[in-house]
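Working notes for the structure below.
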There are 2 protein chains.
Amino acid sequence: MDPVLPSRRLTSALDRLRAQGERVTPARRAVLQVLDSADQADEHLTAEQIGVRVADLEPTVHRATVYRTLTSLTDAGVLSHVHLGGTATVYHLVASEAEEREAAGGTDAGAAAYGHLHTHHAHVQCVGCGRVLDVPPEALEGVASRLQEELGFILDTSHAALLGRCADCS
Amino acid sequence: MDPVLPSRRLTSALDRLRAQGERVTPARRAVLQVLDSADQADEHLTAEQIGVRVADLEPTVHRATVYRTLTSLTDAGVLSHVHLGGTATVYHLVASEAEEREAAGGTDAGAAAYGHLHTHHAHVQCVGCGRVLDVPPEALEGVASRLQEELGFILDTSHAALLGRCADCS
DNA sequence: CTGCCTGCAAAGGATTTGCACTCAT
DNA sequence: ATGAGTGCAAATCCTTTGCAGGCAG
């Protein structure tokens with residue numbers, strides 16, 4: 001539906017960066033823009049894939065810089081990463097708290113539960129086709145509370161993907 | 001409790017290997033023995049760590065062979081691997097169906113739920129200390145059935161570790 | 001201006017591969 | 001005896017690092 005235009009999420013991320021005294025450079029702008037577009041298309045990109053797309057946007061940006069940028073932006077809290085089945089790590093823009101609230105409030109949790117989840121969410125990956133599906137964090141509430149009660153373990157539901165086999169690959 | 005001696009699990013694994021027409025070599029024996037011991041001590045070893053211990057047992061076994069062995073034994077179904085938080089992959093001996101049944105039957109599920117789980121089980125890893133905790137697969141039943149119903153996704157509860165923070169690191 | 005961020009190139013570590021040989025069956 | 005498995009060494013892959021220069025603030 002929406003064309004890929006500089007979204008509010010992108011602007012917001014840049015603002016938060018600046019607010020922390022971090023510098024906004026072409027490389028960082030490009031990385032954030034790539035991830036913003038990817039998120040809008042529900043894509044999950046690895047560092048390498050991000051590098052390729054950044055090269056389109058800003059050909060002078062070096063690969064090593066992409067890696068360093070992903071690290072520093074993650075430290076700065078505007079990006080998060082998810083570990084997929086063993087190999088890859090994929091990156092996401094992190095929504096501001098305001099955006100997070102807005103998304104939660106404006107949504108019928110049931111109907112939109114598996115729609116476009118542009119905020120905090122969990123991931124499952126198919127071992128057959130590699131596809132990554134987004135899942136609302138509530139789906140893991142059961143395990144989370146059980147682990148907390150029985151082991152004192154605080155589960156981070158969005159940090160690692162669960163593996164399995166999707167409907168198409170069964 | 002139990003000393004680390006050639007266990008029934010090990011013998012069984014070798015038998016299943018032979019039954020499939022796979023050859024039993026010193027390298028394979030060593031890899032299986034290392035993993036059997038590790039499992040008994042509730043350790044989770046990476047390919048590299050396995051390599052080190054194999055070198056103690058069979059100094060002539062080459063690193064590359066350990067990698068190839070882990071792959072082929074996994075294909076043969078006597079080993080399984082678990083992807084830990086992003087980086088490492090750790091290996092386990094796979095219990096035979098008979099052993100699996102026996103463990104399930106002979107055990108009070110509640111009391112032993114978090115004890116030594118030498119069969120099929122899930123994993124959670126602490127992002128603080130890196131420790132890996134074993135968790136009975138039932139803990140993930142809730143998510144599993146929800147994913148199946150709503151997405152047709154068959155969750156493999158033992159194939160990837162969930163991340164979070166353990167009691168000591170909170 | 002100051003030093004954070006970058007480009008470049010080279011190092012790094014883990015895993016994989018080609019090849020010829022050996023040993024389990 | 002025969003080919004699955006192996007040892008060896010080199011190649012490959014992705015990621016990180018040291019250093020000097022450049023641009024954001």
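Here the structure is a predicted model, which is why all the values come from computation and not from measurement.
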Margin query: Please classify the nucleic acid contact of R28(B) as base, sugar-phosphate, or nothing, using heavy-atom distances under 4.0 Å.
Written below: sugar-phosphate
Note to self: Nearest to the side chain of E22(A), heavy atoms from C-beta on, is which of dA9(C), dC5(C), dC8(D)?
What the structure shows: dC5(C)
Item checked: Out of dT15(D), dG7(C), dT17(D), whichever nucleotide has its closest atom nearest the side chain of H62(A) -> dG7(C)
Next item on the list: Under 4.0 Å between any heavy atoms, over every strand shown, what does A27(B) touch: base, sugar-phosphate, or nothing? Just pick one.
Entry: sugar-phosphate
Check: Looking at T25(B), does any N or O in its side chain come under 4.0 Å of the phosphate oxygens OP1/OP2 on dT6(D)?
Finding: yes
Next item on the list: Assess whether atom CZ of R16(B) is packed by more than 12 heavy atoms of other residues, nucleotides or ligands within 6.0 Å.
Entry: yes
Item checked: Gap between atoms CZ and P, on R63(A) and dC14(D) respectively (whole Å) -> 9 Å
Next item on the list: Return the value, rounded to whole Å, for the distance between atom CZ of R23(A) and atom C1' of dT6(C).
Entry: 11 Å
Next item on the list: When you get a sec, tell me which of dC19(C), dT15(C), dA9(C) is the closest nucleotide to the side chain of A47(B)?
Entry: dT15(C)
Check: When the distance from CG of D15(B) to P of dT25(C) is rounded to whole Å, what number comes out?
Finding: 12 Å
Item checked: Residue E48(A), side-chain atoms from C-beta onward, closest of dG7(D), dC14(D), dT17(D) -> dC14(D)
Check: Atom CZ of R18(B) and atom P of dG5(D): how far apart are they, to the nearest Å?
Finding: 13 Å
Next item on the list: Let me know the distance between CD of Q20(A) and P of dC4(C), rounded to the nearest Å.
Entry: 15 Å
Check: For dT6(D), does OP1 or OP2 lie under 4.0 Å from any side-chain N or O of T69(B)?
Finding: yes
Check: Between Y67(A) (OH) and dG13(C) (C1'), how many Å, whole number?
Finding: 14 Å
Check: Between CG of L163(B) and NE2 of H83(A), what distance do you get to the nearest 0.5 Å?
Finding: 6.0 Å
Note to self: Expressed as a whole number of angstroms, how long is the span from H83(B):NE2 to dA14(C):C1'?
What the structure shows: 16 Å
Item checked: Candidates dG25(D), dA24(D), dT6(D) - which lies nearest the side chain of P26(A) -> dA24(D)
Note to self: What is the distance, to the nearest angstrom, from the CZ atom on R29(A) to the C1' atom on dC4(C)?
What the structure shows: 16 Å
Notebook entry, point to check: If you measure from CD on Q40(A) to CZ on R9(A), what distance do you get to the nearest 0.5 Å?
Noted result: 7.5 Å
